[in-house]
Amino acid sequence: MASIQDIQDQIALAAKRAGRKDLPTLIAVSKKHDADAIRPLLEAGHRDFGESRVQEAQDKWPGLLEEYPDARVHMIGQLQSNKAADAMALCASIHSLDRMSLLKSITKEAEKTGNCPDLFVQVNIGGEEQKGGVAVDGLGDFLAKVRERELPLKGLMCIPPADLEASPFFALMAELARRHDVTGLSMGMSGDYEDAVMLGATHLRIGSAIFGERPA
Ligand SMILES: *Cc1c(COP(=O)(O)O)cnc(C)c1O
């Protein structure tokens, strides 16, 4: 477990090696950690946090956001359509837009409230049956549907297969982003974020390297 400053330094080093001038946003994935574990990071000035369950985020974050109104919660986990409105009320971005039914719920709520978080379309980059995400083949059509609705499409997101080298999948993501003219790339976790930085990630989602092992 490293301090968040150590991680930021590693990110800056990887970005420099890659010849990048911009730095990706570090989303500290605080799922399964309670408010007391999160507060020191807020005190140190960190503002971007990732959660994977709406209910858990609703339990923890309203109190913390009262103390730190400029903090941002990013929904990174699979999202049920009937939880979309709750997620949208709390979160600055949703990284797991992965199917039509969810897109419809988000659209409806955005029309109702006039607000919508930044959206990342999750790509099932390894073609894994058990994983969420739009298939690579269907990505163009799905993005067209998001764009039709004039929602704030920010980029693409992926979780590469757990047992394989991540770099080729990150490279493919970068290629898909170019092909489909989107700028954001949410990719890179504790074990592979330096590779993700090298390959163009704009948003890193890092949990255990910052917080240690998650409580069971
Ligand atoms: C838990 C989680 C992460 C963080 O994983 P670590 O390996 O702890 O860094 C990133 N992205 C998603 C979608 C997650 O669910």
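Order of appearance sets the numbers: ligands from 1, and atoms from 1 within every ligand.
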More than 12 heavy atoms from other groups under 6.0 Å of CD on Glu109 | yes
Give a yes or no on whether Glu43 atom CD has more than 12 heavy-atom contacts from other residues, nucleotides or ligands under 6.0 Å away.
-> yes
Within the protein, residues bringing a heavy atom under 4.0 Å of ligand 1, chain by chain = Val29, Lys31, Ile76, Met157, Ile159, Met189, Ser190, Arg205, Ile206, Gly207, Ser208, Arg214
Does CZ in Arg53 sit with more than 12 non-hydrogen atoms of other residues, nucleotides or ligands closer than 6.0 Å?
-> no
Could you pull out all donor-acceptor pairs under 3.5 Å where a side-chain atom in residues 84-95 meets a protein atom, sequence neighbours excluded?
from, atom 1, to, atom 2, distance (Å)
Ser93, OG, His74, ND1, 2.6
Ser93, OG, His95, NE2, 2.9
His95, ND1, Ser186, OG, 2.8

By ring pair (Phe, Tyr, Trp, His ring centres under 6.0 Å) - contacts of His33 (at least two apart) | Phe211
Residues at least two apart in sequence or cross-chain that pass side chain to side chain contact (heavy atoms under 4.5 Å, CB included) with Thr107, listed by chain then number, are Leu103, Glu111, Arg149, Leu151
